[in-house]
Amino acid sequence: MPEVVLAVDGVRKSFGGVHAVDGVSVALERGEIRALIGPNGAGKSTFFDILTGQLRADAGAVVFRGERISGLPPHAIWRRGISRTFQITATFGTLTVLENVQVARLSATGRSLELLRSAGHQEVGRSAELLAQVGLLEQADRLAGVLAYGDLKKLELAIALANDPALLLLDEPTAGMAPAERGALMALTAAIARERDLTVLFTEHDMDVVFSTADRVMVLHQGRVIADGTPAAVRADRQVQAVYLGDDL
Amino acid sequence: MLQLREVQAYYGRSHVLYGVSLEARLGEVVCLLGRNGAGKSTTLKSVMGLVDVTAGDIVFEGRSLREVPTHEITRRGVGFVPEDRRIFSDLSVRENLEVGARAGGAWTVERVCALFPKLASLDHQRGGSLSGGEQQMLTIARTLMTNPRLLLLDEPSEGLAPVIVRALADTILALKREGLTIVLSEQNVKFARRVADRAYIIEKGQIKFAGSLAALDADEGLRRAYLSV
Amino acid sequence: MSPSLLLIQGLSGLAHAMVLFLIASGLSLIFGVTRIVNFAHGSFYMLAAYLTYSFAAALPLGPASFYVAVVAAALATGLVGLVIEVGLLRRVYRAPELYQLLLTFALVLVIADVVRLGWGTENKTGPTAPGLAGSVRIAGQLFATYDLALIVLGPVVALVLWWLFYRTRWGVLIRAATQDREMVAVLGVDQARLFTSVFVLGSCLAGLGGALQVPRQALTNVMDTTIITEAFVVVVVGGMGSVPGAFLAAILIGVIDAFGVLLLPKASLVMIFVVMAVVLIARPWGLLGRPEAQARSAGGSVTAEARAIVPAPLVLALVAALVVVPPFLPRFHVLVLSEILIFALFAGSLHLLMGTGGMVSFGHAATFGLGAYGAALLLERARLPMLVAFALAPVVAAAGAALYGYFCVRLSSIYFAMLTLAFAQIAYAIVHQWYDVTGGDNGLLGVWPPRWLASPVRYYYLALVACAGGLALLAVIGRAPFGLTLRAARDHARRAEAVGIDVRRHQWAAFVVAGFFGGLAGAAFAFLKGSVFPNYLAVPMSVEPLVMVLLGGVQAFAGAAVGAAIYKVLDTVVTWYTDYWQLVIGLILVTLVVAFPRGVLGVLAERRRA
């Protein structure tokens with residue numbers, strides 16, 4: 001039996017009467033790459049926010065590596081090994097690319113409250129390594145705020161990897177990137193995941209990316225999981241076609 | 001009627017449009033297709049003076065709109081419906097409509113309510129209490145109250161249920177019959193096919209395609225390269 | 001206490017509440033639509049009061065003179081608002097919020113001196129309201145007829161405002177603009193005109209409040225600062241931008257104030273700030289306010305593009321000069337130099353909060369005052385040696401900052417700023433009213449260093465070591481992992497949380513560190529002056545470092561020191577030549593903000609890049 005890294009049981013969240021997430025249960029196995037797809041407003045980002053503690057679920061439980069994490073604050077969940085990227089790229093705009101990763105590394109190593117040693121030379125090697133891995137090393141000294149969109153996505157990935165996570169949540173990792181870039185970034189992500197034995201859950205609108213990268217695909221519609229299976233099975237699912245891929249207008 | 005010539009634009013500090021040129025002729029519906037982050041919204045916002053245009057020109061009915069304040073652009077006859085709708089949630093439906101009202105204009109509260117009968121029944125409801133589809137109606141109706149001759153719609157179908165999207169398409173076609181020129185941005189090609197006369201594809205802030213929807217349909221590679229599904 | 005006395009006290013609280021409502025509704029309205037926190041609002045109130053005084057005396061209309069004067073003064077204040085909005089504020093709507101704040105603060109200084117120039121510094125007693133001068137008997141007690149009239153007038157004004165907001169197109173536009181200004185422009189509404197109309201109406205309301213206050217109290221030069229703090233409390237408790245909230249809060253604050261004086265005379269000054277602190281902790285956006293659409297810190301427009309790094313050789317040369325030159329300077333210059341150093345440290349400690357941390361504190365004086373009083377009390381009451389008191393005082397300040405910082409970091413932007421102000425005012429009130437320990441108004445005297453340190457030059461060297469050392473440490477902290485983490489949290493709090501950073505905890509720690517160094521500055525100041533007074537914790541002392549940081553440029557740490565030097569030198573030079581230093585400094589600040597909307601160093605850095 002493969003190890004279950006993340007077990008979600010009956011999670012619900014509503015905003016003013018609207019059920020954004022309406023009883024979602026999922027089990028992610030170690031090392032798998034799972035896509036989470038669905039139309040806009042299906043509840044994907046809300047679901048991510050619940051997993052990472054940025055929102056508190058109304059009901060249900062999230063268990064990560066055998067420990068119940070629902071209700072913990074985001075920083076505590078990150079420390080347990082769940083890392084994420086954001087749909088709207090979120091980086092530290094006035095910090096350099098290198099500093100963006102350094103901050104995450106300093107946090108991971110518990111040194112973010114250190115007062116008297118310069119940060120300039122700390123965690124440089126490890127941070128540069130991460131930047132090299134995502135192909136951003138040449139831009140290490142630029143400010144994150146002036147990076148191109150695609151590069152910001154890469155920077156987000158590097159930041160998310162800084163704590164050697166066991167589970168990586170990527171919210172539309174390739175949105176807004178050119179097709180060639182998209183494939184490359186997802187291939188890179190998959191390679192890193194395999195190498196580190198990482199479990200990945202990602203949302204995505206680009207079906208090429210979804211079907212070429214994911215081991216399994218689950219479909220969220222109006223807050224509920226309506227399909228969960230291999231890419232081929234999900235593609236063939238009538239209900240999925242109707243709500244998402246199909247030719248309805 | 002509307003012409004963008006080699007427009008370069010910035011959103012905050014990031015350079016988004018790299019020389020966008022496009023035009024909309026009187027009475028036609030033009031669709032701007034492209035992915036998230038391709039520059040669709042920024043193109044429409046550049047017309048409204050909501051982003052910094054650093055080069056190029058934007059001409060509406062023969063007059064440049066560059067350096068013209070937003071409210072003045074609206075008064076010259078350009079209406080903009082933003083992507084996120086931006087209903088005034090504390091105001092009632094009627095008050096939302098009143099914000100854009102012009103004395104002596106062709107569009108009145110009664111006339112927009114005739115176009116969107118649902119709104120009439122919601123008259124005193126708070127904007128914030130409406131459903132997504134109702135909000136989309138309200139935001140279009142509100143813009144019509146400014147009596148535009150050119151209507152810019154930013155991703156009107158996004159996040160709406162299929163039934164509502166169908167109704168929206170009918171509305172857009174009805175507005176076209178009223179004589180409005182319409183430019184809309186979309187990710188949904190099927191929706192574009194239903195309403196638009198012509199399409200542009202924008203990618204990374206540059207126009208990659210301009211032509212009829214039939215021509216776009218004929219080119220599988222183009223769609224795969226630049227559009228989502 | 002008899003029930004009738006309570007009733008009377010409640011009624012006079014209500015009368016005061018109505019005046020408060022007039023001021024606060026204007027302030028809230030202006031903030032809601034233009035996002036400008038108008039410090040000068042209290043100055044409009046004061047100006048109108050003096051204008052009413054003069055108009056009433058000059059008008060030949062007999063008993064009607066007073067009433068005509070009230071209306072004329074309110075309208076004249078509206079006109080002043082018009083000139084200021086069109087002439088100045090319109091130029092800075094796109095500048096960072098903080099610079100708008102600096103501009104309105106400069107106006108406070110200017111108007112304060114204009115009033116002194118026009119009407120002198122002696123208190124003036126205005127006319128009574130003809131026909132309402134007497135009192136009526138309520139439940140066996142005498143109650144001023146005029147106050148009763150105010151209690152009637154307040155709701156009338158509230159109703160008129162309600163009608164304006166809910167029954168006119170202008171009101172629809174105002175409420176729409178409060179939610180989404182850009183969308184209002186997209187719908188063809190000229191924002192500039194809308195802003196002007198709101199600012200004028202708000203100014204008129206402040207003016208009306210000031211005019212109506214004339215029969216109730218003597219006119220003084222400090223009317224502006226007393227009312228503005230109270231008005232801010234009302235606006236914040238009610239919820240920024242909410243006029244109904246302002247009405248509710250005005251009654252709450254007015255009545256609590258009235259009973260506070262009666263029940264806890266010794267703690268009366270503290271009461272309303274305690275109420276504000278409690279309300280904000282329970283409801284972070286006030287009673288009827290709502291969360292900001294996008295939570296953005298007041299320092300949010302800070303960009304690192306303008307990270308101006310002062311070259312090391314320059315710093316070394318400066319330090320060398322500071323060590324070598326003073327013995328050759330006249331005594332007075334040495335004292336000024338000591339003061340500049342102390343304020344550079346004070347401003348530098350604030351910079352850690354607002355520059356690095358993006359948290360704009362309106363109450364940083366609390367740390368300064370706690371340091372100063374800490375030093376004085378440890379020396380005089382605990383009889384500790386001076387150097388020990390000096391060293392422990394910053395710890396006292398840091399402990400105080402830890403206490404109030406714990407609550408403050410739970411709020412964001414303007415509410416955060418207001419809660420810091422509330423705690424500073426509470427500290428001020430305690431010091432002011434706890435006569436037995438702090439000496440109250442008289443302060444504590446004789447806080448001198450021992451004889452071997454007492455000469456200005458010797459003490460200067462102690463100040464130099466403490467302040468330059470403190471600044472150096474702050475610079476180190478800014479570049480340490482802690483500083484980097486704070487900047488990250490400032491740039492994007494959600495992202496920071498998602499890389500394991502406990503944002504609140506780090507912000508809290510920043511409070512403690514800033515408190516420590518603010519306290520060090522306060523202690524150094526206490527021994528420089530040989531005395532401590534409650535005004536070390538008062539609002540102007542919170543505003544000064546704010547102005548210094550903004551003047552120098554919030555982007556660069558060195559900006560704090562540069563700003564402190566410019567401000568103190570200006571202060572000293574101008575005071576030398578004129579009694580009206582506020583006027584001169586205010587005008588200079590206005591010019592600077594309009595010419596250098598990003599601070600001196602920020603602009604220099606931009607020039608260099610260009």
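Letters go in sequence order (proteins before strands), and every chain restarts at 1. What's counted below: heavy atoms across the whole structure, side chains too, no hydrogens, waters or symmetry copies.
- Using a 4.5 Å cut-off between heavy atoms, C:Arg175 touches chain B through backbone and side chain atoms alike.
- Of the charged side-chain nitrogens involved, at least one lies within less than 4.0 Å of a carboxylate oxygen, so that B:Arg25 and B:Glu23 count as a salt-bridged pair.
- Between C:Thr196 and C:Arg90, the side chains place a donor N or O and an acceptor N or O closer than 3.5 Å (distance only, hydrogens not considered).
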Validation: residues 157-165 of chain C side-chain donor-acceptor distances under 3.5 Å, sequence neighbours left out:
none

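- When each of B:Arg76, B:Arg142, B:Glu72, B:Met48 is scored by its heavy-atom pairs under 4.5 Å with chain C, the top score falls to B:Arg142.
- When the salt bridge (charged side-chain N to carboxylate O under 4.0 Å, His left out) test is applied to B:Glu6, no partner is found at least two apart in sequence or on another chain.
- Of the two parts of B:Ser89, the backbone and the side chain both hold a non-hydrogen atom closer than 4.5 Å to a non-hydrogen atom of chain C.
- Interface residue B:Ile87: only backbone heavy atoms are found under 4.5 Å from chain C.
- Only the side chain of B:Arg102 comes within contact range of chain C, with heavy atoms under 4.5 Å apart.
- When each of B:Thr146, B:Asn96, B:Leu91 is scored by its heavy-atom pairs under 4.5 Å with chain C, the top score falls to B:Leu91.
- Listed by sequence position, B:Thr70, B:His71 are the residues of residues 56-71 of chain B in contact with chain C, using a 4.5 angstrom heavy-atom cutoff.
- By the salt bridge (charged side-chain N to carboxylate O under 4.0 Å, His left out) test, B:Glu98 is found to be paired with no residue, residues two or more places apart in sequence or in another chain being considered.
- Contact annotation for B:Thr143: both backbone and side-chain heavy atoms come within less than 4.5 Å of a heavy atom of chain C.
- The pair B:Arg86-C:Glu182 meets the salt-bridge criterion, with a side-chain N (NZ, NE, NH1 or NH2) lying under 4.0 Å from an Asp/Glu carboxylate O.
- The shortest heavy-atom contact between C:Val234 and C:Ala249 is O-CB, 3.3 Å.
- Salt bridge B:Arg126/B:Asp90: present, at least one basic N to carboxylate O contact under 4.0 Å.
- Between C:Ile36 and C:Tyr93, the closest side-chain pair of non-hydrogen atoms falls below 4.5 Å.
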